[in-house]
Amino acid sequence: QVQLVESGGGSVQAGGSLRLSCVASGRTFSTYRMAWFRQAPGKGREFVAHINWSGGSTYHADSVKGRFTISRDNAKNTVYLQMNSLKPEDTAVYYCTAGELRTVLRSGYDYWGQGTQVTVSS
């Protein structure tokens, strides 16, 4: 079992930055692939980025590539999402998730956090 708790959301103006954190409980954190998804009002949950167990391999959605960076610190059981050059369309609830598959599909992940709100104003 893995429990995930996100933090770091908030309200920023377009062009600003935020860093999301997700702390995981459980001794097996380092064995899981971690990912971030987001869900805007009235829309489905959308893949943002994932990172393998060591942090040596990452993949970002085209919509955030070059602006967002996923990373992890296994010693701290934490995964991060650095978000730069934020746009109003990035407004969403951001979810941290853990799984074993290398996938962009929501169904491929087993454990989810409660989400943290990010609001970007123009």
Sub-3.5 Å donor-acceptor pair from the side chain of H60 to the main-chain atoms of I70, do we have one? yes
Pi-cation contact, Y80 with R19 (under 6.0 Å, within 45°): yes
Just verifying a value: how many Å separate M83 CE and W36 CH2, rounded to the nearest 0.5 Å? 8.0 Å
For the residue pair S17 and S85, what are the closest heavy atoms and their distance? OG-N, 4.3 Å
Centroid separation under 6.0 Å, is that true for the rings of F37 and Y95? no
Has the side chain of E6 got a donor or acceptor atom that lies under 3.5 Å from a matching backbone atom of C96? yes
My understanding is that only residues two or more places apart in sequence, or in another chain, count here; which of them pass side-chain hydrogen bond (donor to acceptor under 3.5 Å, both in side chains) with Y94? R38
Backbone of W112 reached by a side-chain donor or acceptor of T97 within 3.5 Å: no
Any donor-acceptor N/O pair, T116 side chain to G9 backbone, under 3.5 Å: yes
So, is the end of the R72 side chain (NZ or CZ) under 6.0 Å from the ring centre of F29 and within 45° of the ring's axis? yes
Is a side-chain N or O of T78 found less than 3.5 angstrom from the main chain of D73, in a donor-acceptor match? no
Within the side chain of D110, is there an N or O that forms a donor-acceptor pair under 3.5 Å with the backbone of G99? no
